[in-house]
> 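Here's a structure for you.
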Amino acid sequence: MNADLERLIALQRLDTAAHDAERRVAEAPEREKALDLRLERARQAVAAAKETLAANQSSRREIEKDVAVHQGRLSKFREQAMAVKTNQEYHAIQHEIAFAQTEIKTREDQILELMVHADELTADVKRADAAHVTEQKAVEGDRKALSAELDELKSAVTRIAAERQALVAGITPQVMAIFELVAKRRNGVAVAEARDGICTICHVRIRPQVFNTVRRNDEIMQCDHCQRILFYVPPAAASPENAGNNSTAGSAAR
Ligand SMILES: [Zn+2]
């Protein structure tokens with residue numbers, strides 16, 4: 001194989017790997033935000049559960065105050081009942097007493113209902129608290145994993161940059177200029193495999209004469225359509241390892 005072409009294939013592999021790593025690094029703040037959001041949601045669930053419980057308790061206190069008022073009136077009527085002179089007065093007081101008792105009973109039923117509901121709401125708060133703690137641990141773990149991944153990606157970018165520099169030093173400057181120009185215009189992918197007479201990235205058919213030259217891998221040939229530098233993988237050499245290499249350029253968009 002043409003030495004420049006061989007290096008260009010390796011160079012493309014490095015550039016694609018660097019590009020992927022840089023993209024992952026760039027996505028990190030977005031992933032951080034998603035983790036913050038998960039924590040915030042769990043925090044909000046706890047706050048909402050506590051608020052509902054507090055509202056239940058404050059309703060209960062209000063109703064208890066009402067009960068106290070009616071009980072006050074009830075005692076007053078009972079005292080008055082002792083001092084009534086006429087039958088008519090007695091019945092009137094009895095009516096007031098019955099009314100106050102009904103009011104108290106209604107409110108005591110409401111209080112009971114609120115107390116039963118408060119047990120459920122207390123359980124809700126506990127559940128939300130537990131879910132929050134679980135989420136905190138999970139997010140903490142994800143943060144550590146993300147941080148480790150970032151370190152790994154950043155060191156990969158540095159490693160690739162050094163490899164690239166060494167590789168570029170061995171490439172003929174004119175050939176390198178073609179690579180750089182095409183890479184700039186084609187979203188960083190300047191090398192494409194030619195297979196079955198077709199450029200595997202832009203999918204346009206290569207002229208038979210050009211394809212025949214490409215098959216020899218001894219010249220720098222460009223796709224007429226996308227201008228990418230073409231290389232050919234002989235069928236016999238299409239082992240899994242080589243297939244992996246091909247995907248370097250082949251996986252990118254047209
Ligand atoms: Zn093409």
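The analysis underlying the following values was restricted to heavy atoms, covering all of them including side chains, and did not include hydrogens, waters or symmetry mates. In listed order, ligands and their atoms are each counted from 1. Heads up: numbering here begins at 1 and tracks the sequence.
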> One thing to verify: whether Lys105 and Asp109 come together as a salt bridge, which I'm taking to mean a side-chain N less than 4.0 angstrom from a carboxylate O.
yes

> Does a side-chain N-to-carboxylate-O contact under 4.0 Å join Arg127 and Asp124?
yes

> Under the side-chain hydrogen bond (donor to acceptor under 3.5 Å, both in side chains) test, which residues partner Lys65, sequence neighbours left out?
Glu62

> Is any side-chain heavy atom of His225 less than 4.5 Å from a side-chain heavy atom of Cys199?
no

> Please enumerate all residues that pass side-chain hydrogen bond (donor to acceptor under 3.5 Å, both in side chains) together with Glu163, with sequence neighbours excluded.
none

> At distances under 2.8 Å, what protein N, O or S atoms surround the Zn ion (ligand 1)?
Cys199 SG, Cys202 SG, Cys223 SG, Cys226 SG

> Using a side-chain heavy atom cutoff under 4.5 Å and only I, L, V, M, F, W and Y, what cluster partners does Val84 have?
Ile63, Val67, Leu74, Phe77, Tyr90, Ile93, Ile97, Ile104, Ile111, Leu114, Met115

